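Hydrogens, waters and symmetry mates play no part in the numbers below; they use all other heavy atoms, side chains included. As the structure is a computational prediction, the values presented were derived from the model and not from experiment.
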Amino acid sequence: MGRDTIADIITSIRNADMDRKVTVRIASTNITENIVKILLREGFIENVRKHQESNKYFLVLTLRHRRNRKGAYRTILNLKRISRPGLRIYSNYQRIPRILGGMGIVILSTSRGIMTDREARLERIGGEILCYIGNPSDIRIGSGTSYLGVLPGMKEQKWIHEGLITESLPNGMFRVRLDNENMILGYVSGKIRRSFIRILPGDRVKIEVSRYDSTKGRIIYRIRNKDSNN
């Protein structure tokens, strides 16, 4: 499997920011240049210049740091890779998530090039969700903002539904009819798989669904008859 260039540059920038480095060097490709242009335009980095070394081109980024002598150092950038080579995540323009109530950005790869979530909504086009970029210093607790799991220590926002197993499929997959009558695919993992808990058609289960893909979810609990009666 080839290298994930986007994940590499995200990791490089994040690590440099955490180590309080002034600059960081990343490989220069078409997609990295487009992402860096967005970072510069949105104010997440201070400057960028192109550097050539042994017939190879690199981008040298100057990072922004919050200088606060009274408190502990806090990172400015909070980057998270979403779509990966083994699991592509797509969204139409209406379902693109909002990061930190609009204070962060989502970078997408669309049919019209790399752009932010705001640009994609204006153009009314969807695409592949490449990554999130947020600024932890912009958080206002209690503002009613949906953070979507982009902050350290917070988990990705997921929904838990109850449903009925209607069909058993190969490779530990099941067809599940939720209580709202939606049909989705469910798969077993984690504790259920380790404990060899048997799931059969007709069983009621709890299923965990990510907000980014509502067509499938992870079966986390088999509801016993007495649980459903209660």
> Any idea which heavy atoms bring Glu46 and Leu40 closest together, and the distance?
Replying inline: O-CD1, 3.7 Å

> What is the minimum heavy-atom distance between Ile96 and Ala120, and which atoms define it?
Replying inline: CD1-CB, 3.8 Å

>> Any non-hydrogen side-chain atom of Arg81 less than 4.5 Å from a side-chain atom of Leu130?
In response: yes

>> Under the rule for salt bridge (charged side-chain N to carboxylate O under 4.0 Å, His left out), what residues qualify as partners of Lys37, not counting sequence neighbours?
In response: none

> Is Glu42 salt-bridged to Arg118, going by a charged N under 4.0 Å from an acidic O?
Replying inline: yes

>> Restricting to non-hydrogen atoms, name the atom on Pro201 and the atom on Ser168 that form the minimum distance, rounded to 0.1 Å.
In response: CG-N, 4.1 Å

> salt bridge (Lys or Arg N to Asp or Glu O under 4.0 Å) between Arg177 and Glu167: does it pass, once the steps are laid out?
Replying inline: CA-CA 9 Å; Arg177 186 176 69 244; Glu167 184 181 357; over 6 Å; no

>> For Arg222 versus Arg198, what's the shortest heavy-atom pair and its separation?
In response: NH1-O, 2.8 Å

> Under a single-linkage definition using a 4.5 Å side-chain heavy-atom cutoff for Ile, Leu, Val, Met, Phe, Trp and Tyr, are Phe174 and Leu178 assigned to the same hydrophobic cluster?
Replying inline: yes

> So do Leu185 and Thr215 actually touch side chain to side chain, heavy atoms under 4.5 Å?
Replying inline: no

>> Please find the pair of heavy atoms, one from Ser12 and one from Val24, that lie closest to each other, and give the distance.
In response: O-CG2, 3.8 Å

>> Is it the case that the side chain of Ser54 and the backbone of Lys56 share a donor-acceptor pair, with hydrogens and angles ignored and the cut-off at 3.5 Å?
In response: no

> What are the two closest non-hydrogen atoms of Leu63 and Lys21, and how far apart are they?
Replying inline: CD1-O, 3.7 Å

> When hydrophobic residues are tied together by side-chain contacts of less than 4.5 Å, even through go-betweens, does Ile10 share a cluster with Ile38?
Replying inline: yes

>> Walk me through whether Asp17 and Asn15 qualify under side chain to side chain contact (heavy atoms under 4.5 Å, CB included).
In response: CA-CA 5 Å; Asp17 188 51; Asn15 290 345; over 6 Å; no

> Can Thr32 and Ile6 be said to form a side chain to side chain contact (heavy atoms under 4.5 Å, CB included), step by step?
Replying inline: CA-CA 7 Å; Thr32 57; Ile6 299 176; 6.0 Å; no

> Would you say Asp19's side chain and Ala16's backbone share a donor-acceptor pair under 3.5 angstrom?
Replying inline: no

> Is any side-chain heavy atom of Asp8 less than 4.5 Å from a side-chain heavy atom of Thr11?
Replying inline: no

> Any side-chain heavy atom of Leu79 sitting closer than 4.5 Å to one from Ile13?
Replying inline: yes

> Given Leu61 and Leu59, is the side chain to side chain contact (heavy atoms under 4.5 Å, CB included) satisfied, shown in steps?
Replying inline: CA-CA 6 Å; Leu61 314 182; Leu59 297 176; 4.3 Å; yes

> Got a second to check how far Lys216's NZ is from Ile184's CD1, nearest 0.5 Å?
Replying inline: 11.0 Å

> Cationic tip of Lys50 within the cone over Tyr57's six-membered ring, i.e. under 6.0 Å and within 45° of the normal?
Replying inline: yes

>> Let me confirm one number: the CD1-CZ distance from Ile89 to Arg84, rounded to the nearest 0.5 Å.
In response: 10.0 Å

> Does Ser28 have any side-chain hydrogen bond (donor to acceptor under 3.5 Å, both in side chains) partners at least two apart in sequence or in another chain, and if so, which?
Replying inline: Glu33

> Shared ILVMFWY cluster between Ile197 and Leu164, side chains joined below 4.5 angstrom?
Replying inline: no

> Would a hydrophobic clustering, with Ile, Leu, Val, Met, Phe, Trp and Tyr connected at side-chain separations under 4.5 Å, put Ile45 with Val60?
Replying inline: no

> Looking at CD1 of Ile114 and CD of Glu128, how far apart are the two atoms once the value is rounded to the nearest 0.5 Å?
Replying inline: 8.5 Å

> How many angstroms lie between atom OG1 of Thr62 and atom CG of Asn47, to the nearest 0.5 angstrom?
Replying inline: 5.0 Å

> Can you tell me how far the CD1 atom of Ile107 sits from the CG atom of Leu39, to the nearest 0.5 Å?
Replying inline: 5.5 Å

>> The test is side chain to side chain contact (heavy atoms under 4.5 Å, CB included); show your working for Ile219 and Lys206 and say whether it passes.
In response: CA-CA 6 Å; Ile219 298 173; Lys206 290 184 178 180; over 6 Å; no

> Quick one: do the Tyr93 and Arg121 side chains pair a donor with an acceptor below 3.5 Å?
Replying inline: no

>> Rounded at 0.5 Å granularity, tell me how far CZ in Arg88 sits from CD1 in Ile82.
In response: 13.5 Å

> Less than 4.5 Å apart, any side-chain heavy atom of Ile199 and any of Val188?
Replying inline: yes

>> How about CG on Asp179, more than 12 heavy atoms from neighbouring residues, nucleotides or ligands closer than 6.0 Å, or not?
In response: yes

> Any side-chain heavy atom of Met183 within less than 4.5 Å of one from Thr166?
Replying inline: yes

>> According to a hydrophobic-cluster definition based on side-chain heavy atoms being under 4.5 Å apart (Ile, Leu, Val, Met, Phe, Trp, Tyr only), do Val48 and Ile105 belong together?
In response: yes

> Below 4.5 Å, heavy atoms only, C-beta onward: do Glu162 and Val205 meet side chain to side chain?
Replying inline: no

>> Using side-chain heavy atoms (C-beta onward) and a distance below 4.5 Å, is Ile220 in contact with Ile207?
In response: no

